[in-house]
Amino acid sequence: FRLELADNLTPDGHPEKPERLAVLGKSWKDRYLQLGDPADLDHTLGADLRANELTPDDHPKKAERLTNLGLALRLRYQRYEELADLHHALELTKRALELVPDNHPEKAKRLYNFASCLELHFECDQSKLIFDNTIDILMKATLQSLGDPSSRLESAQKCVALLSTYPDFGAAESLLTAHSSIIQVF
């Protein structure tokens, strides 16, 4: 990768270093998703971890960097099923969500990412509390008025799918509300 060369040639104190690492991490993640090579996932985690470490907490891209690292850990959990990866992914995506104020264009996307981690947690521990929390976060994502409509639509669709798959955990009213959210996105 030429991006890797750019990373190696950029000193740690350089202001562009975290962004270059983030781009490198995304490239490795995309490659992992295409080819499935675990080494690419390791490279993703390394680049995302370094990008996150070099990004100050008050930086406008901190939430994005936390999310990227959380998503990489979620991918590793899905590959190896190590609960520590899932718990760390939950922690990071929740922290990223907390950094994004309400009415921010990225709020729906951050809510969706957190809910996706919660859904995996629910698959491990099928408790009503985790299910309800997942549905609540997804519904909040569908109600965001700003940002990319695809995040809102995906949230509504995931909500419908969960409520349909696990009818004992949700009420029929919740399912109707989730269906109506799909229509409202358009």
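Here the structure is a predicted model, which is why all the values come from computation and not from measurement. Throughout, numbering of the chain's residues begins at 1 and tracks the sequence.
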Next item on the list: Decide whether Leu49 and Leu73 are clustered together by the hydrophobic rule: side chain heavy atoms of Ile, Leu, Val, Met, Phe, Trp, Tyr closer than 4.5 Å, transitively.
Entry: yes
Check: CD of Glu119 to CG of Asn133: how many Å apart, nearest 0.5 Å?
Finding: 13.0 Å
Checklist line | Inter- and intrachain pairs under side-chain hydrogen bond (donor to acceptor under 3.5 Å, both in side chains), touching residues 120-130, at least two apart | finding: Lys128-Asp132
Next item on the list: Using the side chain to side chain contact (heavy atoms under 4.5 Å, CB included) rule, take Leu45 and Leu69 through it: C-alpha gap first, then chi angles, then the decisive distance, then the call.
Entry: CA-CA 7 Å; Leu45 281 160; Leu69 182 55; 4.1 Å; yes
Next item on the list: Might you work through the side chain to side chain contact (heavy atoms under 4.5 Å, CB included) test for Leu41 and Lys29, ending with a clear yes or no?
Entry: CA-CA 6 Å; Leu41 183 55; Lys29 181 186 74 147; over 6 Å; no
Margin query: How close do Leu163 and Gly170 get, counting heavy atoms only, and between which atoms?
Written below: CD2-CA, 3.9 Å
Check: Hey, is NZ on Lys94 packed in by over 12 heavy atoms from elsewhere, all under 6.0 Å?
Finding: no
Notebook entry, point to check: Do Cys124 and Leu83 pass the side chain to side chain contact (heavy atoms under 4.5 Å, CB included) test, and can you show the C-alpha distance, the side-chain angles, and the key distance before you say yes or no?
Noted result: CA-CA 9 Å; Cys124 296; Leu83 279 175; 3.8 Å; yes
Item checked: Approximate separation, where rounding is to 0.5 Å, of Glu154 CD and Asn113 CG -> 9.5 Å
Next item on the list: Could you pull out the closest heavy-atom pair between Ser151 and Ser155, with the gap in Å?
Entry: O-OG, 2.8 Å
Margin query: Can you pull out every side-chain hydrogen bond (donor to acceptor under 3.5 Å, both in side chains) where at least one residue sits in residues 66-80? Sequence neighbours excluded, please.
Written below: Tyr32-Arg79, Arg76-Asp85
Item checked: Hphob cluster co-occupancy, Tyr166 + Leu138, side-chain heavy atoms under 4.5 angstrom -> yes
Margin query: Hydrophobic cluster membership, with links at side-chain heavy-atom distances under 4.5 Å among I/L/V/M/F/W/Y: are Phe122 and Tyr112 in one?
Written below: yes
Check: Among Leu162, Leu129, Leu120, which one satisfies side-chain contact (heavy atoms from CB on, under 4.5 Å) with Thr134?
Finding: Leu162
Next item on the list: Please report the shortest heavy-atom distance between Asp48 and Ala72, naming the atom on each side.
Entry: OD2-CB, 3.8 Å
Checklist line | Atom pair CD (Glu91) and CG (Leu66), whose distance is rounded to the nearest 0.5 Å | finding: 9.5 Å
Note to self: Can you tell whether the side chains of Asp58 and Lys62 come within less than 4.0 Å, N to carboxylate O?
What the structure shows: no
Checklist line | Separation between CD of Gln144 and CG of Asn103, rounded to the nearest 0.5 Å | finding: 7.0 Å
Checklist line | Contact summary for Ala22 and Ala51, nearest pair of heavy atoms | finding: N-CB, 3.8 Å
Next item on the list: Please test Arg65 against Glu19 for side chain to side chain contact (heavy atoms under 4.5 Å, CB included), starting from the C-alpha separation and ending with a verdict.
Entry: CA-CA 9 Å; Arg65 305 275 159 73; Glu19 183 64 25; 2.5 Å; yes
Item checked: Note, His87 side chain near Glu82 side chain (heavy atom, < 4.5 Å) -> no
Checklist line | Side chains of Glu64 and Arg110 in contact at under 4.5 Å (non-hydrogen atoms) | finding: yes
Check: Is Leu71 linked to Leu75 within one hydrophobic cluster, defined over Ile, Leu, Val, Met, Phe, Trp and Tyr using a side-chain heavy-atom separation of less than 4.5 Å?
Finding: no
Notebook entry, point to check: Can you tell me how far the CD atom of Gln157 sits from the OG atom of Ser150, to the nearest 0.5 Å?
Noted result: 10.0 Å
Check: Is any side-chain heavy atom of Arg95 closer than 4.5 Å to a side-chain heavy atom of Asp57?
Finding: yes
Next item on the list: Would you confirm whether Lys107, through its side chain, and Val100, through its main-chain N or O, come within 3.5 Å as a donor-acceptor pair?
Entry: yes
Next item on the list: Report the distance from atom CZ of Arg31 to atom CG of Leu33, rounding to the nearest 0.5 Å.
Entry: 12.5 Å
Margin query: Donor-acceptor check, side chain of Lys17 to backbone of Asp12, threshold 3.5 angstrom: yes or no?
Written below: no
Margin query: Do Leu118 and Met139 land in one hydrophobic cluster if side-chain heavy atoms of ILVMFWY residues count as linked below 4.5 Å?
Written below: no
Next item on the list: Heavy atoms only: give me the nearest Thr142-Ala156 pair and the separation to one decimal.
Entry: CG2-N, 3.2 Å
Notebook entry, point to check: Would Lys140 and Asp102 satisfy salt bridge (charged side-chain N to carboxylate O under 4.0 Å, His left out), going step by step from the backbone distance to the final call?
Noted result: CA-CA 10 Å; Lys140 283 180 183 174; Asp102 291 334; over 6 Å; no
